[in-house]
J.: 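Here it is, the structure, as C-alpha cells.
First listed ligand is number 1; within each ligand, the first listed atom is number 1.
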Amino acid sequence: MANWKQGEPLVVAVAGATGAVGAEMLKTLEMRDFPADKIVPLASSRSAGKIITFKGREIEVQELTERSFEGVHLALFSAGGGTSEKFAPFAVKSGCTVVDNSSQWRMDERCPLVIPEVNPDDLYKHRGIIANPNCSTIQMLVALKPLHDAAKIKRVVVSTYQAVSGTGQKAIVELESQVRQLFNLQEPEVKVYPYQIAFNCLPQIDVFLENGYTKEEMKMVNETHKMLDPNIRVTATTVRVPVFYGHSESINIETERKLTANQARAILAQAPGVQVYDNPAEKMYPMPIDAAGEDEVFVGRIREDESIENGLNFWCVADNIRKGAALNAVQIAELLLEKDLVRVPDPNAFI
Ligand code: A2P
C-alpha cells in the first residue's frame, strides 16, 4: 500500500509520458513546482528506455505494466481509454491515487469528474480514480459556471472548432505532413482522420452514435450534467479544424434571469481561470494563436442573443493540451494534496 502521508517523499507517475498530453503534464508539474520527490515516466514498450528531462534531470521511460505503481502515490494517466481501463485499477490496487485524462472513467459513478474552478468539492468522494473531463467541456464549463451561478442557465447551444493536438501526437504530424505534401503538389496521406484535415474542416470528432450525434458531442452534454447541473439542456456540434493548438467554441446560452452583455462581461472578468478579451472596436477577440501556451480560458465576442428574451452569445478559446488536459489534471493533483486526499480508501474498488 502506497497511501501517502503529509511530509513523506511523494512519488508521482505519468502514464503516457511520451504523448502530447503526457509531455505537457510533465512540463506543467515542473513549471508549477509540484512537490514531487520522484517522477516515474511510463509509456508503451516502444518507448521503454527513452530519456525525458525533468527539472534538469534525465529520467528513463519505463514500460507501463500492472506492477508499475508499487511505491507510487499519485499517477496522472494520458495513454488512451483502453490503457486506463486496463491499468488504472492496478494502480489503485497498489494504493496509488489516479487522475485519468481519458474518457474511460468519466461517467463511472465511483469516479468524480472535476474542474477545479467548477466542482472542487467532488474530490472528497473519490475512491482512487478521479476523471479529468473532455477538453471542450472543460473550457466551456469554466466560462459557464459563473454565468450559471448568476442567472441560471437553461439551455446551451455550442459549436466547437477543435485543434488536431487533441487527437494526439500522430495527428499533429498528420496535419504538418499534409500541408507539406499539398504544397509539393503531392496527394496528402490520410491516416488519422477519415478525410484530409489540412485546409479542411471535419464535422466528426470520435464515432457516430445512434442518435446522430458523435461521441465527442455527447461527452459535452453528459459531462456538463455530471459537473454543473443535470437540468441544463445542452446540444453540441463538434468540428475538427486545421489548427495545431487551441480549441475555439461558439457558445449560445439561454438563462432564467436576464444578463446584459456588460453584466456577463463583468462576471466573467472576475471568474477564476477566465480572461475576458473582448473589444470589437479594437478587433480584440481571442484566437487559438493567442491561447496556445496559456493557462486561461479566453472569452470574447460577448453579446446578447437578440432572437430570444434572455440569451447570450460568446466565443471561448483555450489551449486544449493545457487547461483542456494537462493543466486541469495537475490542478486536480494540487487540490488532492491540499485537501489531503492522496489516498485510496479501498484498493480493490476497481478490480
Ligand atoms: P508510446 O509513445 O510508447 O506509444 P498521444 O496521445 O500523443 O498519441 O500519446 C499516447 C501516449 O500513450 C504515449 O505516451 C504512448 O506511448 C502511450 N501509450 C499508448 N498505448 C499504450 C499502452 N498500451 N501502454 C502504455 N502506454 C501507451
J.: Would you mind writing out a table of all protein N or O atoms found under 3.5 Å from any N or O atom of ligand 1, naming both atoms and giving the distance to 0.1 Å?
T.:
from     : atom 1 : to     : atom 2 : distance (Å)
ligand 1 : 2 (O)  : Thr18  : OG1    : 2.6
ligand 1 : 2 (O)  : Ser47  : OG     : 3.1
ligand 1 : 3 (O)  : Ser44  : N      : 3.2
ligand 1 : 3 (O)  : Ser44  : OG     : 2.5
ligand 1 : 3 (O)  : Ser47  : OG     : 2.4
ligand 1 : 4 (O)  : Ser44  : OG     : 3.4
ligand 1 : 4 (O)  : Arg46  : NE     : 3.3
ligand 1 : 4 (O)  : Arg46  : NH2    : 2.8
ligand 1 : 7 (O)  : Ala20  : N      : 2.8
ligand 1 : 7 (O)  : Gln169 : N      : 2.9
ligand 1 : 14 (O) : Gly16  : O      : 3.2
ligand 1 : 14 (O) : Thr18  : N      : 3.3
ligand 1 : 14 (O) : Thr18  : OG1    : 2.6
ligand 1 : 14 (O) : Gly19  : N      : 3.0
ligand 1 : 16 (O) : Thr18  : OG1    : 3.3
ligand 1 : 26 (N) : Ser44  : N      : 3.2

J.: Are any of the side-chain nitrogens in Lys27 or Glu24 under 4.0 Å away from the carboxylate oxygens of its partner?
T.: yes

J.: Kindly check if the number of other-residue, nucleotide or ligand heavy atoms within 6.0 Å of OH (Tyr193) is above 12?
T.: yes

J.: Mind checking the CG-CD spacing from Asn310 to Glu256? Nearest 0.5 Å is all I need.
T.: 9.0 Å

J.: Does this structure show an ion pair linking Glu223 with Arg106, if we count only N-O contacts that are shorter than 4.0 Å?
T.: yes

J.: Within a radius of less than 6.0 Å around CZ of Phe199, do more than 12 heavy atoms belonging to other residues, nucleotides or ligands occur?
T.: yes

J.: Please report the C-alpha distance between Phe69 and Phe77 in whole Å, then the side-chain angles of each, then the deciding distance to 0.1 Å, and finally whether the ring-ring contact (aromatic ring centres under 6.0 Å, His included) criterion is met.
T.: CA-CA 12 Å; Phe69 303 95; Phe77 269 68; 5.5 Å; yes

